[in-house]
**Q** 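What follows is a structure written as C-alpha cells; I'll ask about it next.
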Amino acid sequence: MLRVARGSFLKPRFARFASTPAKSYADTVFLPTTKFGSRSDEKLIETVLKPQTTDKLYEWNIARPVEDINKLFIFHDGPPYANGDLHVGHALNKILKDIINRYELMKGKKVHYVPGWDCHGLPIELKTLEKLNREKKETEKALKKEYKKTKDEKVLEKLQQLKSAKLSPTDIVRLATNHAKTTQASQSEQFQEMAIFGDFKHPYMTLHNSYVCNQLRIFEKFVANGLVRRQEKPVYWGCENATALAEGELEYNKNHVSKAAYVKFPLTKYGNLREKLSPFTDISALIWTSTPWTLASNLAISINENYDYTVIKHNGNDLIVAKDLVPSLQATLGEIIETDIIFKGSELLSCQYKSPILNNGKSYPFLHGTHVTNSAGTGLVHTAPGHGQDDYLVCMKHGIKPYSPVDKYGKYTEDLAESLKDFVGLRVLGDGNDRMIELLDKIGVLVQLDENYVHSYPYDWRSKKPIIIRATPQWFIDVSKIKEKTIKELTDNVNFHPQRGLNRLVSFIRTRNEWCISRQRSWGVPIPVLYHRETGESLLDDKIIEQIISVIEKENIDGWFKQVEEGGSIEKWLPSEYKHLANDYVLGTDTMDVWFDSGSSWKTIERYLKEEGLLSEAEKRGYLADVYLEGSDQHRGWFQSSILTKVGTSETEEVVLPYKNIITHGFTLDEKGEKMSKSIGNTVVPRDIMLGNKSNGIPKIGVDGLRLWVAQSDYTGDVNIGSTILKHVGDNLKKIRFTFKFLLGNLDDKAGAKINYDDLEMLDKYMLSKAYKLNEECMKEYANHNFFKVVKSVNHFINVDLSSVYFDIRKDSLYTDKLDSRKRVSTLAAFDEILLVLVSILSPIIPIMTQEVWNNMPSRLTKSKETPFHNTWYKGELIRINADVEEEFQSLLKLKDQVNLQVNDLKKAGTINQSLECVVSVPPTLHNYDTELLGDVFVVSGIERGEGDLVVKPSPLHKCPRCWKYSAEEENCLCARCQSVVN
C-alpha cells in the first residue's frame, strides 16, 4: 500500500491524487513510502532508540583506546545537590552539557563524562531531621493515644524515652547517607529520561570513601603549603542553622529593612584637641549604625586621619562629625548649627570616649581606618571587632581582640557587660535590637532613629533568613596568598563563554582574602584536626592527617563520628610518634564547607587521566578538563572553589588548571519573565514537558522536544519557558520530523545511483550549495557553543530552502518522472547528501529522532554503523559551494515572485484556481534556460518563449489525470511525459 508523508509540502499533492477520477493511475505514481512514523513511538523510544543512543553508545565510546590526549574530550560535571526532584533548571544544565558532548563525539573524539553528585551539607541534614521529627510526632501521638486507652506503664515509659531521645552524630550520618543515596538514584533516573549520554553506572559522589580521602589529601596539601590557619575572628553566621557560612552561601536582599540610629558617645579625653574643644563643656562623637544591637560590643570608633572634622550643634548636643558630611547631615537630622572649629582626623587619634551603654567607667580609643569614607554616615564608625570584618582588622593592628557576646543561635549571652545582663537570651535580630534602641533613648544618647532603613543585606541562601557577623574560632584558607596567581591563570589561560564570566569570577576572587572552611554540623567531611582536652589547642600536621586518612580508608567517616560520640583513647588516629598523646586529645567536630567538597572534584579527572596513562600529557598542556558548565551563580561557588583548591595545592609555579573553558547559563523564568516559585504556581518540571501536563497547559513534546527547547534558547542570559513557548517548540519538532519523513520516503536502497557533480541538475546544485553553507555554519556555531543559532539556521533551511522551494518544486518529478530519469536521479543524490547533513547537525540536539531516522535510512548511507555518532560528522561527497549557481538561481526565484503575483491576480479574477493551470511566456533573457527547469521553478504547466515581458496566462491544454499538469492534448488523456512513464 502506498503511504504519503504528512506535512505542509505534501498535503496538496496527496489531496490531488486522492480526489482524481482516474484512480487507475494511482499505482503508477511514486509516492513516498517509509516505516519512519509521523509521530514518535514511546515504546520504540524506551526499548530501542534511547538505549542505542545513550548506554550502548557510551559503552562503545569509552571502550575505545586513546593514545593522544587531543583525541579525548573531558567534560567535568558540576555536581547537582542530592536533595529533592529535578527542576527545569537541571534539565537546561544537563542537556547543554549533553549537546556539547555529542558534538565532540560527532567530531570523532572519545568523550569522558561522569555525572557527579554533591551529597554533604546542611540541606540534606535538615531534610533528614525534618523527616525524623515528623515521624517522632506521629509516634508520640500514637503512644499517647495508646496510653490513654490502656494506661499501660510500659507505653508511658516508651513515650518518655522517645521525648528524651536525641540523635547522635552517627545517627545523623547514617540517615543523611541514606537520604542522599536515595535522592541520587532518583535524580540519576530522571536525568537518563532526558537521553543524557554518560557513565551513569559509575557516578562520582562526594560521600564516596575514595572521594573523601582525596579531599582530605587536598586539605593536607593546603596545610603543607602554609595556607590553613585557625583564628577567632568574625565570620558570616546563620543563626537558623547555627553554623558559619562562606561568601558563596550568601544571597543579598536589596529590600531588607533595618532600624538605623544616630548615637552619640561622650568624649572623656581631649588629647591634642583640648584647646580647640575648650569652648565645649560636653562634646560627643556622633556615629551612625544600621545594627544597633552590636553597640553592646563596641570597643573603638574608627575615623579617617586624612579627613577634616568639625563640631556641629543639634538639639542642644555638641557633636563631632566629618566636615564634608555636614550638608547631608543637615538634610537627615534637620536644623543644625555649624561652628568654625575644624581639625584633622589625625588629631582625634589622641582622644578617648566612653560608652554610656556599657557604663563600666572605661575609656575607648579612636582608631584610623581606611574603610571610613566621607560619602555617607558621619565620618565616625562604631567599631565592634567581634561583629565586623573591617572592625576586626583595624582593632587587630592595635591589639584589641574580638568580643562577641552572642551565641550560635543569635542570642545575647552571659558575656554581656553587667549593665546589659537583662538582655541575656534576647535575639539580636529581634527583641534584643529593639531593647537596645529603647535603652539608647532612655539614657539620652539616641540622636535620631530611622525605623525603615531599606538597604541590601546578606541572607543565608538555605534558610532565606538574615545572617549576622559573629566572632568564633574557625578554620580558614588564606586566599590572599594565592589570589593574584589565580587571577593571572584565569585571565591568561581560561576561555569564557560568555566572556563577561571572566570579570565576574575575577571580581569575586579579587575581593576575597579568606575562605572559612569549617562548619558546625555533623553531615560532612570532618576537618582532620585534634584538640587538647583541657586547653582546646589544636594539633595538626601532615603525619596526623595521613594517619587519619588511613583509618578513614578502612572505616569510612563513620569511624570518625563514632569516635567523637564514644570518646576514649584516640590511639588509632595517631601516628606512632604521637601515640603518647592518645588520652590528652580528642577529635574535632567541625566539618568542611561543601564548596571545598565539590571544589575537590577535579581529583576524579586526575585519577582517570592517570589510569589512561595521559596525566603527564594533561600536565604539559596545562589543564585537566576541557569544559566546566554551570549556572552563573557558580562564579562565586564551584568555578571559584575548583580553581582555588587547584592553585592552593600546586607544588610548582606551573599550575595545571582544573578547566580550560568555562561556560555559564542563566536561570529559568516563566513566560512573563518571573522567577519560578511553587507558591506562585509557575514552576515547570522536566517530566511535565516530556509527558505533558493539562493542569498548567504544558503540551506533550517528548524528550526531543525538551532538548530542542534547550537548544533554541540563548542560555547566556535567563531563559523563559511556558506553555506557549513549548507549543511552538512542538510545532517546530513536527516540521523537522515531516522533513525527515519526506526525505526517507523518497529514498531506498534502489535509489541513489551514482552521479557526478557536473551531471547534477541546477536546482540540486543550488540546494547542495545551501546545504554546504548550513553544514559549515552549524559546525562553527557548535564550536562557539551558540546552539540557538544552529536551530535558527536549520529552521530556515527546512522551512524556506527545503519546504517552500526545493520540495515544492521537486515533488512533481519525484512522483511522476521515470524512476531512472536524470532529474529524479539528480534529486535523490542530493537528498542523500541533505539527509546525512541534517542528521549530523541535529544529532547532538535531538538524538532520539535522528537515531530513528538512522534506523530507517538505506544501508548504503549508514554503512552498517549503529548510530550517526559512529559515522561522525558528515562532510559530504557532493555538497560544495557554488556561488555562480546560487546567484543564478536566486534571480530565478525573484522571477518566481513575479509569476506568483500574476497567478494571484488570475485567481482573484476567477480565471484559475492554481498555478498549474497556467503557462508562462518568458522574455528573450530567459530563452537560454531549459523550459522544463523554468516550468518546475515557477510551478506551472508550460513555458513559452516570448518576445516581450514575462506574462502568466491560462494553459490552452487539458489537465493530465496522472500528474495534474495542464499539458495533455485531450481531456482525460495522459500528457506525453506520463504516457511515456506508464508505457
Side-chain angles (χ1 to χ4, degrees), residues 32-37 44-45 47-66 71 73 101-111 195 197 704 736-737 739-757 759-760 764 767-768 771-772 774-776 778-779 782 794 802 814 819-820 824-880:
T33 177
T34 175
K35 293 180 181 179
F36 182 79
L44 182 67
I45 289 172
T47 59
V48 178
L49 303 178
K50 196 182 286 182
Q52 273 185 299
T53 195
T54 54
D55 296 345
K56 291 180 181 178
L57 181 60
Y58 194 82
E59 287 171 8
W60 165 81
N61 156 72
I62 208 66
R64 294 177 295 164
V66 174
K71 298 292 184 181
F73 181 77
N101 281 334
R102 290 181 181 273
Y103 169 67
E104 295 295 334
L105 191 63
M106 290 292 291
K107 287 167 61 182
K109 290 189 178 182
K110 177 177 177 176
V111 172
F197 160 86
D704 281 334
I736 294 171
R737 176 169 279 275
T739 300
F740 278 135
K741 186 174 178 68
F742 185 70
L743 290 167
L744 288 170
N746 286 284
L747 296 172
D748 57 34
D749 278 328
K750 294 178 182 177
K754 286 291 183 181
I755 186 171
N756 295 322
Y757 181 81
D759 294 329
L760 290 170
D764 301 315
M767 288 310 304
L768 290 173
Y772 180 89
L774 174 72
N775 208 29
E776 292 296 311
C778 288
M779 286 188 73
Y782 267 122
V794 170
L802 290 185
L814 291 168
L819 287 176
D820 60 352
R824 204 170 187 282
V825 169
S826 176
T827 299
L828 294 180
F831 272 26
D832 280 354
E833 300 288 303
I834 290 168
L835 180 60
L836 287 167
V837 166
L838 285 176
V839 166
S840 281
I841 293 170
L842 289 171
S843 283
I845 295 171
I846 49 173
I848 300 296
M849 186 187 293
T850 57
Q851 185 63 50
E852 186 180 357
V853 171
W854 191 262
N855 292 351
N856 285 277
M857 281 168 63
S859 59
R860 60 186 169 76
L861 297 180
T862 62
K863 298 175 182 176
S864 301
K865 294 182 177 178
E866 190 174 350
T867 76
F869 300 98
H870 289 70
N871 196 49
T872 69
W873 194 278
Y874 185 68
K875 296 296 180 67
E877 296 178 11
L878 297 176
I879 60 170
R880 64 194 66 175

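All values below were derived from every heavy atom in this structure, side-chain atoms included, with hydrogens, water molecules and symmetry-related copies excluded.
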**Q** Kindly compute the distance separating CG (L838) from CG (L743), expressed to the nearest 0.5 Å.
**A**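 If I round to the nearest 0.5 Å, the distance is 7.0 Å.
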
**Q** Determine, stepwise, if the pair N855 / V48 fulfils side-chain contact (heavy atoms from CB on, under 4.5 Å).
**A** CA-CA 10 Å; N855 292 351; V48 178; 4.2 Å; yes

**Q** Among all residues two or more places apart in sequence or in another chain, which pass the side chain to side chain contact (heavy atoms under 4.5 Å, CB included) test with R880?
**A**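 Partners of R880 by the side chain to side chain contact (heavy atoms under 4.5 Å, CB included) criterion, ordered by chain and then number, come out as Y757.
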
**Q** May I have the step-by-step check of side-chain contact (heavy atoms from CB on, under 4.5 Å) for D759 and N756, ending in yes or no?
**A** CA-CA 5 Å; D759 294 329; N756 295 322; 3.7 Å; yes

**Q** Within the 3.5 Å criterion, strictly below it, is a donor on E833 or Y772 matched to an acceptor on the partner's side chain?
**A**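 Side-chain D/A pair, E833 to Y772: absent.
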
**Q** Taking only Lys NZ, Arg NE, NH1 and NH2, and the carboxylate oxygens of Asp or Glu, determine whether K107 and E104 approach each other closer than 4.0 Å.
**A**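 Yes, charged N to carboxylate O under 4.0 Å.
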
**Q** Quick one: does any side-chain atom of K741 pair with a main-chain N or O of F36 as donor and acceptor, under 3.5 Å?
**A**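 Yes; judged by distance alone, with no hydrogens or angles, the pair exists.
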
**Q** Report yes or no: does K110 contribute a side-chain atom to a donor-acceptor pair with the main-chain N or O of F73 at less than 3.5 Å?
**A**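 Side chain of K110 to backbone of F73, a donor-acceptor pair under 3.5 Å: no, none is there.
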
**Q** Decide yes or no for R824 and L828: does some side-chain heavy atom of the first lie under 4.5 Å from some side-chain heavy atom of the second?
**A**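 Yes - at least one pair of side-chain heavy atoms lies under 4.5 Å apart.
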
**Q** Is there a donor-acceptor contact under 3.5 Å linking the side chains of N871 and W854?
**A**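 No, because no side-chain N or O of N871 sits under 3.5 Å from a partner of the opposite role on W854.
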
**Q** Under a plain distance cut-off of 3.5 Å, with no hydrogens placed, do N856 and T34 share a side-chain donor-acceptor pair?
**A**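 Side chains of T34 and N856: no pair found under 3.5 Å.
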
**Q** How far does CD1 of I879 sit from CG of N775, to the nearest 0.5 angstrom?
**A**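 CG of N775 is found 4.5 Å from CD1 of I879.
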
**Q** Under 4.5 Å between any side-chain heavy atoms of K50 and I848, yes or no?
**A**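 A side-chain contact under 4.5 Å exists here.
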
**Q** So, are E852 and R737 salt-bridged, with charged N and O less than 4.0 Å apart?
**A**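 Judged by the 4.0 Å cut-off on N to carboxylate O distance, E852 and R737 do form a salt bridge.
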
**Q** Quick one: do F742 and L802 satisfy side-chain contact (heavy atoms from CB on, under 4.5 Å)? Show the steps, please.
**A** CA-CA 11 Å; F742 185 70; L802 290 185; over 6 Å; no

**Q** Would you check if L842 and P847 make a side-chain contact, meaning some heavy-atom pair closer than 4.5 Å?
**A**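 Contact flag for L842/P847 side chains = no.
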
**Q** Answer yes or no: is there a donor N or O on one side and an acceptor on the other, between the side chain of N61 and the main chain of V111, under 3.5 Å?
**A**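 Yes, the answer is positive, given that a donor and an acceptor are paired below the 3.5 Å cut-off.
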
**Q** Look at the rings of Y103 and Y782 and say which category their plane angle falls in: under 30° parallel, 30 to 60° tilted, over 60° perpendicular.
**A**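 Aromatic pair Y103/Y782 classed parallel.
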
**Q** With the side chain counted from C-beta on, respond yes when V837 and S840 share a heavy-atom pair under 4.5 Å apart, and no when they do not.
**A**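 They are not in contact (no side-chain heavy atoms under 4.5 Å apart), so the answer is no.
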
**Q** For the pair S843 (side chain) and T850 (backbone), establish whether a donor and an acceptor sit closer than 3.5 Å, ignoring hydrogens and angles.
**A**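 Checking the backbone N and O of T850 against the side chain of S843, no donor-acceptor pair under 3.5 Å is found.
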
**Q** Starting at CZ of F831, measure out to CG of D764 and round the result to the nearest 0.5 Å.
**A**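 Answer rounded to 0.5 Å: 8.5 Å.
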
**Q** Would you give the length of the straight line joining atom CD of E877 to atom CG of L768, rounded to the nearest 0.5 angstrom?
**A**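 Rounded to the nearest 0.5 Å, the CD-CG separation comes to 11.5 Å.
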
**Q** Could you report the tightest heavy-atom contact between Q52 and K56, atom names first, then the distance?
**A**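 That closest heavy-atom pairing would be O-CB, 4.2 Å.
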
**Q** Between Q851 and E866, is there a donor-acceptor pair closer than 3.5 Å when you use the side chain of the first and the backbone of the second?
**A**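 Looks like yes, one N/O pair under 3.5 Å.
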
**Q** If you round to the nearest 0.5 Å, how far is CD1 of I834 from CG of L774?
**A**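 Rounded to the nearest 0.5 Å, the CG-CD1 separation comes out at 10.0 Å.
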
**Q** Less than 4.5 Å apart, side chain to side chain, heavy atoms only: is that true for K109 and R64?
**A**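 Sidechains of R64 and K109: no contact.
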
**Q** Is it the case that the ring center of F869 lies less than 6.0 angstrom away from the ring center of W60?
**A**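 Here the rings of F869 and W60 have centres that are no less than 6.0 Å from each other.
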
**Q** Measuring only between side-chain heavy atoms, which start at C-beta, is R860 closer than 4.5 Å to L747?
**A**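 R860 reaches L747 side chain to side chain.
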
**Q** Can any side-chain N or O of R102 pair as donor or acceptor with the backbone N or O of I846 at less than 3.5 Å?
**A**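 Checking the backbone N and O of I846 against the side chain of R102, no donor-acceptor pair under 3.5 Å is found.
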
**Q** Is it the case that the side chain of T867 and the backbone of H870 share a donor-acceptor pair, with hydrogens and angles ignored and the cut-off at 3.5 Å?
**A**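 The answer is yes, because a donor-acceptor pair under 3.5 Å joins these two groups.
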
**Q** Walk me through it: do Y874 and I841 pass the test side-chain contact (heavy atoms from CB on, under 4.5 Å)?
**A** CA-CA 9 Å; Y874 185 68; I841 293 170; over 6 Å; no

**Q** First locate atom CG of L760, then atom CE of M767, and finally report the distance between them rounded to the nearest 0.5 Å.
**A**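 Going from CG on L760 over to CE on M767, the span is 13.0 Å.
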
**Q** Would you find a donor on one side and an acceptor on the other, under 3.5 Å apart, between the side chain of T53 and the backbone of L49?
**A**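 Checked: no pair found.
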
